[in-house]
There are 2 protein chains.
Amino acid sequence: MKTPREDTARTRGKLLAAAGEVFAEKGFRDTTIAEISMRAGANIAAVNYHFGSKEILYSEAWRHAFAKSLQAHPPDGGVAADAPPEQRLMGQIMALLRRISDKDNRAFWFMHREIANPTGLLTEVVREEIMPLRQRTESVVRELLGLCVNKREARFCEMGIVSQCINPMVVRSRLNQGGKEYDGPFRIDDIEAYARHVVSFSLAGIAAVRAVAEARRVKRKTKTAGKGGRP
Amino acid sequence: MKTPREDTARTRGKLLAAAGEVFAEKGFRDTTIAEISMRAGANIAAVNYHFGSKEILYSEAWRHAFAKSLQAHPPDGGVAADAPPEQRLMGQIMALLRRISDKDNRAFWFMHREIANPTGLLTEVVREEIMPLRQRTESVVRELLGLCVNKREARFCEMGIVSQCINPMVVRSRLNQGGKEYDGPFRIDDIEAYARHVVSFSLAGIAAVRAVAEARRVKRKTKTAGKGGRP
DNA sequence: CGATATTTAAAACAGTCATTTGAAATTGTC
DNA sequence: GACAATTTCAAATGACTGTTTTAAATATCG
C-alpha cells in the first residue's frame, strides 16, 4: 500500500460538505448520490470509492456537521461557568438559536429530518450528542428552580424553553422560504431579540413554578406540623 | 347516469380513513396507494376509481382529518367566550395538546410531515386552517398583555406558547416509540399536567413581558413630560 | 519510470409504484 | 327477473429512480 495522496483528503472533504448540504435539505431517502457528487464537483463513483456506501457517508456527514456546529457556537454561549444562572441560561439559549439559524451549520437539520424520518442513527445520536446538551440546560434550570420543585416540573420547564427555540425556527425555515413572508414575525436580525424574549419570558415562568412549589411545601409543612409532624 | 350505489360511500369512507392513517404516518411521498388500499380492504384500483389520483386523495384526506380533529377538540377547549382570558388560554392550550395527542386524529401529523416535506398544499392549508387558530390564540395573549406591548412581542409570546405544546409532542412521538422511554418525562396521562404547567409558566411569562413594557412606557412618558411632552 | 491511488463514463442491476384496462361481479330500478 | 349502470378485481402497462460495479484512463509519489 502506498501513502494516500493529497487528492483524497480534498475530495473527501468536498464530499462531506456537499453531503451535509443535501442531506440536511432533503433527508437521507430523498438525497441522491448523484446530487452530492455533482455539488462536490466529483464523479458519481466518488462516494463509493471514498466512503463505501451512502449510509456511511450519511453518518460521517452528520457527525462532521455536529462537531462543526458545536465548535462554531459553544453551548455556553461564551458565558463563564461561574456567572449567575440567569446569564448562563441566556448564553445557552443564544447558542442554541445561533446554532439553528446559522446557515453554514446543518446539524440541526439532520436532527429535524431524522425526527420526521428516522434512519436508525437517531437514537444513537440523541444519546451521545443531544442528551448532554439537554442536561446542561436542565441543570441551569434546576438551579433557578431551587430545591422544592420536583423532577417532572423541572423537565417540563427545560422542554418548554428548548421548544420555544426550536419550533419557531423550524416553521420559519419552511414558511418564509417562498420569498413572501407569512405573517413575518421573524427576520434574521430578530433572532437576538427573540433570544432576549425567551429568556425573560422563561425566567418569569421559572420563578412562578418555583413560587408555587415553595408555597405548596410550606403549606404541607404547616399542616403536618399541626398534626405532630413526621420524622 | 344511474344513482350511485351505497358501496361508494362505504368504500370512499374506508379509503379516506386508511389514507389518513398512512399519509400521517409516512407522508405523501413514502405512502403507496397499495398500502392504503390494503388497509382499507379495497382493491388497488379503488383509489383511482373513487378519487381520480393520489394527489386528490391526499388533499381530501387532509381536509377530512382536519375537520374531524377540530370537531373532536373545539379550539376553545369548552371554555365560554366570556370567561376570563386566563381560563380561555388554558382552554386553548388543552385543546391543542389534546388535538395533537389524540391517536385518532391525524391532522397534526399531516402538518408535521408537510413542514418536513412540503407538497404544495401546505401554504394553502396554513392560510385557511392554521392562521385562524393562531389568531385566536394571539388575541387572548394580547388581552393578557395589555396595550403597552408591541406587536412583535405579542407574536413572540404566542409563538413561544404554541411551540411549548407542539415540539415536545413531536419529539415524544419519535423517541418514545421504540418501546423504551427516553428519559421519560411524558406518559400519556401526563398531558393534563403538562397543560397546566404550560399555562402557569406562560401566564407568568406574559405578566413579565407586560410589566417590562409598562415600565418602559412610564419611563418614556416621564422623560418626555419633563421636556415638555408630546400631544 | 513504475507502482499505486484516484478519477472517469458507462453499464449493470435491482428495484418501485401510479395508473390503466377489460372482464367479472354486484346492485338498484323498471 | 332482466337490463344497465356501478363498482370491484387481477393483471398488465409503462415509465422512472438511483445505488453500486466495472474496467479503462489518468494522475501522483518516490
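All chains are named by letter (A, B, ...) in the order of the sequence lines, taking the proteins before the strands, and each is independently numbered beginning at 1. Side chains are part of it too, since the values below use all heavy atoms of this structure and drop only hydrogens, waters and symmetry mates.
Nearest to the side chain of A:Ile33, among C:dT19, D:dT19, D:dA10, sits D:dT19. Here the side chain of B:Ala45 is nearest to one of D:dT21, D:dT7, D:dA10, namely D:dA10. Here the nucleotide nearest the side chain of A:Asn43, chosen from C:dA9, C:dT19, C:dC17, is C:dA9. Of the candidate nucleotides C:dT19, C:dT7, D:dT7, C:dT19 has the atom lying nearest to any side-chain atom of B:Ser53. Considering only side-chain atoms of B:Glu55, the nucleotide from D:dT7, C:dA9, C:dT19 that sits closest is C:dT19. The side chain of B:Ile44 approaches D:dA11 more closely than any other nucleotide in the set C:dT8, D:dA11, D:dT19.
Atom CZ of B:Arg29 and atom P of C:dA18 are 11 Å apart (whole Å). Per the geometry, CG belonging to A:Asp30 stands 14 Å off C1' belonging to C:dT16, to the nearest Å. With rounding to whole Å, A:His50 atom NE2 is found 8 Å from C:dT7 atom C1'.
Atom NE2 of B:His197 is separated from atom CD1 of B:Ile93 by 10.0 Å, given to the nearest 0.5 angstrom. Note: B:Trp62 CH2 to B:Phe110 CZ = 8.0 Å, rounded to the nearest 0.5 Å.
Within 4.0 Å (heavy atoms only), A:Thr31 reaches sugar-phosphate atoms of the nucleic acid but no base atom.
Salt bridge status for A:Glu21 with A:Lys26: absent, with no side-chain N to carboxylate O gap under 4.0 Å.
Remark: side-chain polar atoms of A:Gln164 are not paired, donor with acceptor, to backbone N or O of B:Ser163 under 3.5 angstrom.
Proximity of A:Thr11 to the phosphate of C:dT7: a side-chain N or O atom is located under 4.0 Å from OP1 or OP2.
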